[in-house]
Engineer: 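One structure, as structure tokens, below. Some questions next.
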Amino acid sequence: MADDKSKTGQQDRDRVAGGQDYEVQHLAKETGVTLEQALQLIRAYGNDREKLMKAAKGLANNKPSPRSSRL
């Protein structure tokens with residue numbers, strides 16, 4: 001079922017529609033995780049935006065930092 005963009009109350013903002021590509025992309029971009037990681041988080045935590053944001057930010061913060069190349 002498609003997301004009804006005309007119904008945008010607080011309840012809609014509290015959830016992430018995992019079946020909507022733009023919502024998954026927004027979650028990934030906002031938190032710095034990949035699209036695949038965002039989908040995995042939705043499968044693991046459900047569609048509660050607050051839980052997803054917390055889990056995704058924790059995941060993004062644990063990414064290994066790129067090695068600096070010194071010559």
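The residues of the chain are indexed from 1 along the displayed sequence. All values below were derived from every heavy atom in this structure, side-chain atoms included, with hydrogens, water molecules and symmetry-related copies excluded.
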Engineer: Filter on salt bridge (charged side-chain N to carboxylate O under 4.0 Å, His left out), then keep only pairs touching residues 32-46, sequence neighbours left out; what's left?
Structural biologist: E36-R43
Engineer: If the threshold is 4.0 Å, N to carboxylate O, is there a salt bridge linking R49 and E23?
Structural biologist: yes
Engineer: Between CG of D48 and NZ of K54, what distance do you get to the nearest 0.5 Å?
Structural biologist: 10.0 Å
Engineer: For the residue pair V33 and A56, what are the closest heavy atoms and their distance?
Structural biologist: CG1-O, 3.5 Å
Engineer: Can you tell me how far apart CG (L35) and NZ (K29) are? Round to the nearest 0.5 Å.
Structural biologist: 11.5 Å
Engineer: For the residue pair A17 and V24, what are the closest heavy atoms and their distance?
Structural biologist: O-CG2, 4.3 Å
Engineer: Report the residue from Q37, M53, H26 that forms a side chain to side chain contact (heavy atoms under 4.5 Å, CB included) with T31.
Structural biologist: M53
Engineer: Could you measure the distance from the CG atom of L52 to the CG atom of L27? Nearest 0.5 Å is fine.
Structural biologist: 6.0 Å
Engineer: Side-chain contact, heavy-atom cut-off 4.5 Å: Q25 with Q20?
Structural biologist: no
Engineer: Nearest 0.5 angstrom please: D21 CG to L39 CG, how far?
Structural biologist: 8.0 Å
Engineer: About how many Å separate CG of D14 and CD of E50, when rounded to the nearest 0.5 Å?
Structural biologist: 8.5 Å
